[in-house]
Amino acid sequence: MTSSNGNGSARRLTINEDAQAMIDEAHRQGIDTVWDRLEAQQPQCGYCALGLSCRNCAMGPCRIDPFGEGPQKGVCGAGADVIVARNLGRAIAAGSSSHSDHGRDILETFRSLAHGETTGYEIADEAKLRRLAEEVGVATEGRSPEEVGADVADVLLEDYGSKRGTLSFVGRVPEIRRDRWEALGITPRGVDRENVEMLHRTHMGVDNDYVNTLLHALRTSLSDGWGGSMIATELSDVMFGTPKPVMSEVNLGVLRKDQVNIAMHGHNPMLSDVVVAAAQDPELVELARSLGATGINVVGLCCTGNELMMRRGVPMAGNHLMQELVLITGALEAMVVDYQCIMPSIVDVAKCYHTKIISTSDKAKFTGATHVSFDPKRGAEIAHQIVRMAVEAFADRNQERVRIPVEPVRWMGGFSVEAILGALGGTPKPLVDAIAAGTIRGAVAVVGCNNPKLPQDLEHIELTRRLIENDILVLVTGCAAVANGKAGQMVPEAAAMAGPGLRAVCESLGIPPVLHMGSCVDNSRVMVLAAALAGYLGVDIDQLPLAGAAPEWYSEKAVAIGAYVVGSGITTVLGVQPPVFGSPNVVSLLADGLDDVVGAKFVVEPDPAAAALWIRRHIETKRRGLGLPAVEIDGDGPAGTAAPVPAAVGSEG
Ligand code: BF8
Ligand code: SF4
């Protein structure tokens, strides 16, 4: 189908030159992309957009009339509050389950490694393993890393059930917040348990009190942030190394016309890490040379790309909306995928080229793709097989169709909590002192996706820029990180874009004002850092001058992240409206009532200038609460970036 967006419109779809060039190329070749399909879906369902449709049972589907004229109850009698809350709860369970199942795969691989049953994996950070062991009560004295690892794996596997009544890493949460969770009944007990219970509660005729449903939704999300995601991050560090500052490159310019290009797309480093290792095998490099390539170039996409970049400095081709466009370069021999955020459409786009789509997870097959079932017990061998398939595809490449539209941009990553504290001399004190003095006003985690409803990356870049120029340190993960990387905001020289206080701190440490903390499961690192700051100051997380933002979110995983960030005490600003506005009661709870019980809430503000102003005021309010010097933020903001503040949901500014 020929796309209807037409030539010349690419500039309103994305701010990136590489993406614009490839969208134009797609139009020339009549290849549909995500933006064409979004247009074809218009108008999208208004009931669903408001959260007012339900198909949880076969008496339905039902919908509630938002104008009060049509039905106000589903066939079972559920009204707007129950339906909206149930839908939100199910989205959180889906997102939380996705992260947590990724964590389970890492955990099972780690357990196999500890039992000597894998190839291609090692215990790369033994010191971290021993720290984790001590934390979860596993003896380390005089024991081999494998023995310790086997016991740690068994303890963490229990976190998926609910044998102990609380998750191992909940001990990291400041006591004052744990008490709050206990009082609310939202301490996460077991990863699987909370998710199963969420699905149970949202079956017809179970939890018919929207407040009760939403409290359990928070508990479910906390089992992700302090459970499944945290297990994924911690054990990935043990197996693949804890990230340290590293330079790399980003955008489609990382592809090489003279090399075999393999894009790793998806999320789990247990696949991508062994493929990167296999691509260095001299036998495969020689095979590539024999076919006329000068080498093998592995690049990342989305979160698995972030995992590789953080630990190995592997170049990054792009974020979520680049997954089809990277195929249109004609330069990819293979896109190797596991799971999450992988559009089914890549199979159709790849058919227009010589590119092989290689699926690897038995949980995530793609009709039309080549499936190589990945078993970590034979990790090295299967990775070798995958790279060989990619190299052999080079023989079919048509170099005349290759179009690599830009030069790559440098970016820096690797800011694990360990790396951040290491740069500060092993203690949060210098950061706390800088915040206390007001040199740095606070910190904001800008996270999440791309969404084709917004110009790609615009909100990420604009929001981040306004925050750093006002001396707010920005922490990034996921596709938000990639957006900032492409914009050149993640190199030490970008300190020049920051306000004078943040600039001085960054220059003295040689770091960017926007710190890459990893993939989406690595939002758990943000939680650990926030807990460490709160613990150091002896306060609760919600008292800190922090905020979260998901300017371009699209996925259920992002909803789960937003919920556990808020549940942990960090107010979060969403740039895309969540499907909850069909229930004024649910909106009032999320945007206001939650503040009373967890000390944080959701704000919806699509305009990045207004979002930045709102966040700055929020941070000053928190500073005042801690007795730190605070300033009034007037409505004009800094010169040149001012915008009046439209009424944000739950506005306190
Ligand atoms: O987990 S930021 S588009 S790639 S959901 Fe997906 Fe969103 Fe990207 Fe990673 Ni996260
Ligand atoms: Fe309709 Fe109730 Fe069934 Fe939902 S659960 S589809 S509202 S009858």
Side-chain angles (χ1 to χ4, degrees), residues 14-19 21-22 236 240-241 243-256 259-269 271-273 275-276 279 296-329 331-338 340-342 346 404-416 446-450 456-457 460-461 464 475-491 494 512 514-522 552:
T14 169
I15 63 168
N16 300 299
E17 202 187 320
D18 59 349
M22 290 299 105
S236 294
F240 308 117
K244 298 194 274 289
V246 62
M247 290 301 305
S248 183
E249 294 186 326
V250 59
N251 77 26
L252 290 184
V254 300
L255 297 172
R256 297 285 305 267
Q259 297 200 358
V260 172
N261 292 303
I262 304 175
M264 299 305 305
H265 180 17
H267 284 79
N268 203 319
L271 170 74
S272 54
D273 207 89
V275 170
V276 168
I296 304 172
N297 181 37
V298 181
V299 302
L301 277 171
C302 291
C303 281
T304 212
N306 282 321
E307 300 269 357
L308 293 174
M309 187 283 183
M310 289 280 286
R311 296 196 182 87
R312 311 257 179 254
V314 168
M316 169 69 87
N319 44 4
H320 183 54
L321 290 180
M322 300 308 292
Q323 60 185 292
E324 295 173 301
L325 304 183
V326 67
L327 295 165
I328 294 168
T329 62
L332 266 197
E333 274 51 62
M335 180 180 285
V336 184
V337 305
D338 51 19
Q340 300 169 18
C341 301
I342 300 154
I346 55 169
I404 300 169
V406 291
E407 290 298 316
V409 170
R410 287 164 58 249
W411 67 326
M412 190 180 204
F415 292 96
S416 57
V446 179
V447 308
C449 324
N450 286 148
Q456 186 204 14
D457 294 345
H460 288 308
I461 303 314
T464 302
L475 313 169
V476 286
T477 58
C479 291
V482 185
N484 277 285
K486 286 186 276 183
Q489 299 182 170
M490 291 170 70
V491 283
V514 181
L515 300 182
H516 193 341
M517 292 192 78
S519 63
C520 280
V521 293
D522 291 339
E552 302 180 24

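We number each residue from 1, following the sequence as shown. Computed from a predicted model, the values in this text were never measured in an experiment.
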For a 4.5 angstrom cut-off between non-hydrogen side-chain atoms, does Leu271 reach Val275?
yes

Determine whether Leu515 and Val476 satisfy the following criterion, side chain to side chain contact (heavy atoms under 4.5 Å, CB included), listing intermediate values before the conclusion.
CA-CA 6 Å; Leu515 300 182; Val476 286; over 6 Å; no

Backbone N or O of Asn261 within a donor-acceptor pair of the Glu333 side chain at under 3.5 Å?
yes

OG-CG distance between Ser248 and Leu308, expressed to the nearest 0.5 angstrom:
10.0 Å

Matching residue for Asn319 among Cys449, Cys341, Cys479 - test: side-chain contact (heavy atoms from CB on, under 4.5 Å)
Cys479

Partners of His516 by ring-ring contact (aromatic ring centres under 6.0 Å, His included), sequence neighbours excluded?
Trp411

Heavy atoms of Gly318 and Val482 approach each other most closely as C-CG1, 3.7 Å

Val298 versus Met264: any side-chain heavy-atom pair under 4.5 Å?
yes

As an exercise, state the distance from CE of Met412 to CE of Met309, rounded to the nearest 0.5 Å.
8.5 Å

Would you mind reporting whether Asn450 and Met322 have side-chain heavy atoms less than 4.5 Å apart?
no

Is there a donor-acceptor pair under 3.5 Å between the side chain of Thr304 and the backbone N or O of His265?
no

Under a 3.5 Å distance rule, please check whether Asn297 uses its side chain to pair with a backbone N or O of Val254 as donor and acceptor.
yes

Should the heavy atoms of other residues, nucleotides or ligands under 6.0 Å from CD of Glu17 be counted, would the total exceed 12?
no

Let me confirm one number: the CE-CD1 distance from Met335 to Ile342, rounded to the nearest 0.5 Å.
9.0 Å

Keeping the roles fixed (side chain from Glu552, backbone from Asp457), state whether a donor-acceptor pair exists under 3.5 Å.
yes

What pairs with Ala480 under side chain to side chain contact (heavy atoms under 4.5 Å, CB included), at least two apart in sequence or on another chain?
Val446, His460

For Cys303, side chain to side chain contact (heavy atoms under 4.5 Å, CB included) partners two or more places apart:
His267, Asn306, Ser519, Cys520

So, taking the atom named CE in Met310 and the one named CZ in Phe240, what distance separates them when rounded to the nearest 0.5 Å?
14.0 Å

So, the side chain of Asn251 versus the backbone of Gly253: is there a donor-acceptor pair under 3.5 Å, distance only?
yes

Would you say that Pro405 contacts Met22 through its side chain, given a criterion of any heavy-atom pair below 4.5 Å between the two side chains?
yes

Quick check: do Val299 and Val326 have side-chain heavy atoms less than 4.5 Å from each other?
no

Measuring only between side-chain heavy atoms, which start at C-beta, is Ile346 closer than 4.5 Å to Leu327?
yes

